Amino acid sequence: MSESPRPHSTGQLLKLGVAQAVLFVAGALLGRWVGLLLGLDAFGAGGYGNKEIFGILLIGLGGGGGAQIARAWYVRKYGNPRS
């Protein structure tokens, strides 16, 4: 019979949460800046046209990508917390 994996410590899980939060914000800011460089202002005064929607999309992709990068770092360093 195999042993069950040891649960992750509170400190390790705190690192995961902080890393995901920080990289989510950094990724969202990066997405915002890329959108502005491309002329896609998510918060433009013109309502919700195509440029604004694509700007919002870039912010969401940047934030989600940052959180996924943080999770990948954690899994590589400590293993999957759900296993």
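Atoms considered below: every heavy atom in the structure, side chains included; atoms not considered: hydrogens, waters and symmetry mates. Everything numeric in this text was worked out from a predicted model, so none of it was measured.
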Novice: Can you tell me if Tyr74 has over 12 outside heavy atoms packed within less than 6.0 Å of its OH?
Specialist: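 Yes, enclosed.
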Novice: So, does His8 use its side chain to make a donor-acceptor pair with the main chain of Asn80 at under 3.5 Å?
Specialist: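 The answer is yes, because a donor-acceptor pair under 3.5 Å joins these two groups.
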Novice: For Pro81 and Val75, which heavy atoms make the closest approach, and how far apart are they?
Specialist: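 Where Pro81 meets Val75 most closely, the heavy atoms are CD-CG2, 4.4 Å.
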Novice: Leu29, Leu23: one ILVMFWY side-chain cluster at the under-4.5 Å cut-off?
Specialist: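 Leu29 and Leu23: separate clusters.
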Novice: Pair up each side-chain donor or acceptor in residues 45-69 with any protein partner under 3.5 Å, not counting sequence neighbours, and list the distances.
Specialist:
{"unit_1": "Glu52", "atom_1": "OE1", "unit_2": "Gly49", "atom_2": "N", "d": "2.9"}

Novice: Is it possible for you to say whether Val25 and Trp33 belong to one hydrophobic cluster, with membership spreading through side-chain heavy-atom contacts below 4.5 Å?
Specialist: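 Yes, Val25 connects to Trp33 through the hydrophobic network.
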Novice: Show every salt bridge (Lys or Arg N to Asp or Glu O under 4.0 Å) that has at least one partner inside residues 24-35, sequence neighbours left out.
Specialist: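 As it turns out, the salt bridge (Lys or Arg N to Asp or Glu O under 4.0 Å) pairs with a partner in residues 24-35, which skip direct neighbours, are Arg32-Asp41.
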